[in-house]
Structure formats: structure tokens, C-alpha cells
2 protein chains.
Amino acid sequence: MLTLQNAGISKTSQRLAVLNILLKATKPLSVSTIRQSIEKEADIDKVTVYRILSLFRKRGIIRKIASAGGANYFEIATLENPLHPHFSCRNCGALTCLAPLPFTKAPELILSKDDYSIDHIEINISGLCACCRNTAKTKTSLHQREE
Amino acid sequence: MLTLQNAGISKTSQRLAVLNILLKATKPLSVSTIRQSIEKEADIDKVTVYRILSLFRKRGIIRKIASAGGANYFEIATLENPLHPHFSCRNCGALTCLAPLPFTKAPELILSKDDYSIDHIEINISGLCACCRNTAKTKTSLHQREE
DNA sequence: ATAATTGTTGCAACTCGGTTGCATTTTTGA
DNA sequence: TCAAAAATGCAACCGAGTTGCAACAATTAT
Ligand SMILES: [Mn+2]
Ligand SMILES: [Mn+2]
Ligand SMILES: [Zn+2]
Ligand SMILES: [Zn+2]
């Protein structure tokens with residue numbers, strides 16, 4: 001089970017709050033989303049959130065997902081939640097998790113020589129989520145996205 | 001051959017400059033890099049560069065590559081330069097192109113049902129480039145990167 | 001040729017994600 | 001209990017990217 005303790009991170013209320021939000025999430029979260037899902041009275045400064053996420057990443061308990069739209073997203077990284085591709089909807093911007101693929105084969109596929117040492121592979125897919133595709137068929141979609 | 005003309009884009013000195021820079025490049029370029037590789041006297045406003053890149057993308061002659069470090073990168077998208085993974089060095093931040101993979105198989109692999117319609121697949125790999133790995137062995141590397 | 005229209009650029013101001021420095025608070029531990 | 005170390009918050013800042021508008025250039029119509 002993933003706790004601050006067995007990740008070797010000293011326990012503070014802010015770190016606990018951020019960890020619990022990430023544990024509950026079913027998709028990667030941005031910093032602003034993380035902060036919004038914290039009670040008003042327990043508000044955490046954005047700098048603190050960045051520092052906590054940076055620490056979590058150093059300890060290997062979360063990973064960062066890059067997105068074309070500026071912000072980065074974060075999700076729990078455990079054995080039960082291995083690295084996997086993500087789907088980014090062109091219309092509403094929603095970022096969802098896809099089923100894990102055998103990334104373990106990717107290094108051999110990609111590395112012909114000794115040119116790179118790989119420590120992270122990220123696959124991001126974009127298009128239309130089912131929801132947006134359906135609404136697009138009927139009306140012109142509710143929530144647009146540029147990109 | 002890729003020109004503004006046969007891409008259906010009216011010719012201006014600014015668009016020509018940006019296109020030529022992208023055509024010469026051997027790796028994806030950021031907006032700031034593009035602007036820096038323009039002669040001082042022919043300087044192009046950053047807004048104009050963004051508008052040009054957006055237009056090029058709409059015409060399908062360039063593609064955008066997301067990176068974890070904030071900025072987006074751009075490269076020519078032609079039949080001779082099909083979609084491919086990129087390598088991002090954890091140490092120096094260099095972004096290089098890797099050999100194309102059979103992405104065409106990916107949609108079937110990823111989409112079990114009818115949940116998404118895919119129009120772009122991006123694979124980003126990060127680690128250490130050969131250069132940085134070697135220098136890291138001897139000295140502590142010259143140019144560091146956080147991330 | 002001239003005027004009206006349209007397309008393109010540049011400037012200023014702004015938003016947003018993320019970082020840095022420093023003072024203040026909290027925790028640790030001798 | 002008291003000092004050192006760690007963690008938080010605040011303010012100020014930076015860089016990427018966007019928006020509105022005025023100036024300018026290229027077309028098109030009169
Ligand atoms: Mn995920
Ligand atoms: Mn490339
Ligand atoms: Zn959607
Ligand atoms: Zn490197």
C-alpha cells in the first residue's frame with residue numbers, strides 16, 4: 001500500500017492532501033485541478049504543491065505526463081498502475097488513461113545502437129473522445145478546444 | 001517539393017523565412033529557436049510566428065511535438081518525414097528525432113472498442129543522449145537540466 | 001487611377017504555468 | 001528547552017502563448 005511513510009517521505013498535512021487526491025483520481029491531474037479539489041480552508045500554496053509533486057516524483061511514486069496545452073499532468077506510479085498511453089481529446093481537452101502496452105519491447109525497437117539510455121517512454125494519443133464525437137454529430141459541440 | 005505555393009498559402013517574406021528554417025532543421029524547433037535563427041534585421045514578431053505555425057499546421061505541412069518543459073516544438077510533416085518518436089535528453093534537454101515506427105498498427109492495439117477516434121499519436125522518450133552519458137561518466141555534466 | 005475590401009503584420013497588454021528568494025512557521029532532536 | 005533543519009507561504013518574477021487593435025500591404029471593384 002502506498003503511504004508517505006513507506007515512500008520515505010515525512011508526513012505533513014499538505015503532502016497527505018496531495019497524495020490522497022492523486023490516489024483517488026482516475027486520470028492524470030494538473031496542478032490547478034489538484035488545488036481546486038482541496039477544501040477552501042485547507043488551501044495549499046501553488047509553490048508548495050509544485051514542491052510536493054517534485055518530491056513525489058523524485059521518490060518515484062508519481063509520474064508526469066506532458067500535454068500540448070502547456071500544463072503538465074500527474075498520476076500515481078505504482079506496480080498496479082504501470083506506465084501507459086494517454087488519450088487527449090482534441091475537442092474538450094480531457095486527458096484519460098488507456099490500457100498499458102508492452103512498452104518493455106519499445107527500447108529494442110527504437111534503439112538501434114548505443115545512442116541513448118532510456119528511462120521514460122511516453123505515448124500520447126489525441127483525437128475525439130466518444131462523448132465529443134457523439135455530440136459533434138448532433139449539435140455543434142458544447143465545449144470547444146482550439147489546439 | 002514543399003513550397004508555400006503548392007501548400008495553398010500566399011507568399012510573404014515572414015512565412016518564407018519560417019518555412020525555410022523548418023526545412024533546414026534536423027530536429028523539432030521551438031518558437032524561440034525559430035526566432036533566434038532569423039537575422040536581426042529581418043526579425044519577426046513572436047505573435048506572427050505563432051500565427052504562421054498555426055496556419056502551417058492547419059495546412060498539414062508541419063506537426064507539433066509536446067514537451068514536458070513548457071514549450072512546444074515544430075517540424076516539417078511530409079510523406080518523406082512521417083510521424084515518429086522523439087528523444088528528449090533528461091540532462092541537456094535536447095530533442096532529437098528517432099526512426100519512424102509502424103504507428104499504423106497502434107490504433108488497433110490501443111482501441112478495444114469504439115471509444116476514441118484517433119488523429120494523432122505521439123511517442124516521446126526521455127533519458128540520456130550519448131553525449132551527456134559520456135560526459136557524465138567522466139566529470140559531473142556540464143549543462144544540467146532539472147525537470 | 002482611386003477607393004473599398006481583405007489579408008497580414010506588429011505592438012501592447014494580458015493570461016497561465018511554473019520558478020526563485022526570502023521570511024515565517026513547523027518539525028526534529030540534542 | 002532550545003537550536004538546527006525542514007517545510008510552508010508570500011511576493012516577485014520568467015517564459016510560453018493569446019487577444020485586441022491599429023497600421024500596413026495586397027487585391028478587387030468602381
Ligand atoms: Mn494514466
Ligand atoms: Mn522529429
Ligand atoms: Zn472530448
Ligand atoms: Zn544530452
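In what follows, every chain begins at residue 1, and chains take the letters A, B, ... in the order their sequences are listed.
- What separates CZ of B/R15 from P of D/dA25 is a distance of 16 Å, to the nearest Å.
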Tabulate below the donor-acceptor pairs under 3.5 Å that side-chain atoms of residues 26-39 of chain A make, not counting sequence neighbours, or state none.
residue : atom : partner : partner atom : Å
A/S30   : OG   : A/S32   : OG           : 3.2
A/S30   : OG   : A/T33   : N            : 3.2
A/S30   : OG   : A/T33   : OG1          : 2.9
A/R35   : NE   : A/I44   : O            : 2.8
A/R35   : NH2  : A/I44   : O            : 3.0
A/S37   : OG   : A/T33   : O            : 2.9
A/S37   : OG   : A/I34   : O            : 3.0

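- Checking side-chain atoms of A/H84 against main-chain N and O of A/P82 turns up a donor-acceptor pair under 3.5 Å.
- Linking ILVMFWY residues whenever their side-chain heavy atoms come closer than 4.5 Å, directly or via other members, places A/L2 and A/V18 in the same cluster.
- Atoms CZ (B/F74) and P (D/dA16) sit 12 Å apart, rounded to a whole Å.
- One atom, CG of B/L53, and another, C1' of D/dG17, lie 12 Å apart when rounded to the nearest Å.
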**Message:** Quick one, B/E122 with B/I65, criterion side chain to side chain contact (heavy atoms under 4.5 Å, CB included). Give me CA distance, side-chain angles, the key distance, then yes/no.
**Reply:** CA-CA 8 Å; B/E122 184 157 347; B/I65 289 102; 3.4 Å; yes
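- Without hydrogens or angle criteria, B/N81 side chain to B/I76 main chain gives a donor-acceptor distance under 3.5 Å.
- One interatomic measurement links the two molecules: CD1 of A/I9 to P of D/dT8, which rounds to 11 Å at whole-angstrom precision.
- For the segment residues 35-52 of chain B, the set of residues with a heavy atom within less than 4.0 Å of an atom of DNA chain C comprises B/D43, B/I44, B/D45, B/V47, B/T48, B/R51, in numerical order.
- Rounded to an integer number of Å, the gap from A/Q14 CD to D/dA6 P is 17 Å.
- Between atom OG1 of residue A/T78 and atom CD1 of residue A/I62 there is a gap of 12.5 Å, rounded to the nearest 0.5 Å.
- At a threshold of 4.5 Å between side-chain heavy atoms, the hydrophobic network of Ile, Leu, Val, Met, Phe, Trp and Tyr places A/L4 and A/Y50 in one connected group.
- B/H86 has its side chain out of reach of B/T96: every pair of non-hydrogen atoms, C-beta onward, lies at least 4.5 Å apart.
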Polar atom pairs (N or O), protein with nucleotides 26-29 of chain C, under 3.5 Å:
none

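- The CD1 atom of B/I34 sits 14 Å away from the C1' atom of D/dG17 (whole-angstrom rounding).
- Contact annotation: B/N72 side-chain N/O to D/dA16 OP1/OP2 distance is not under 4.0 Å.
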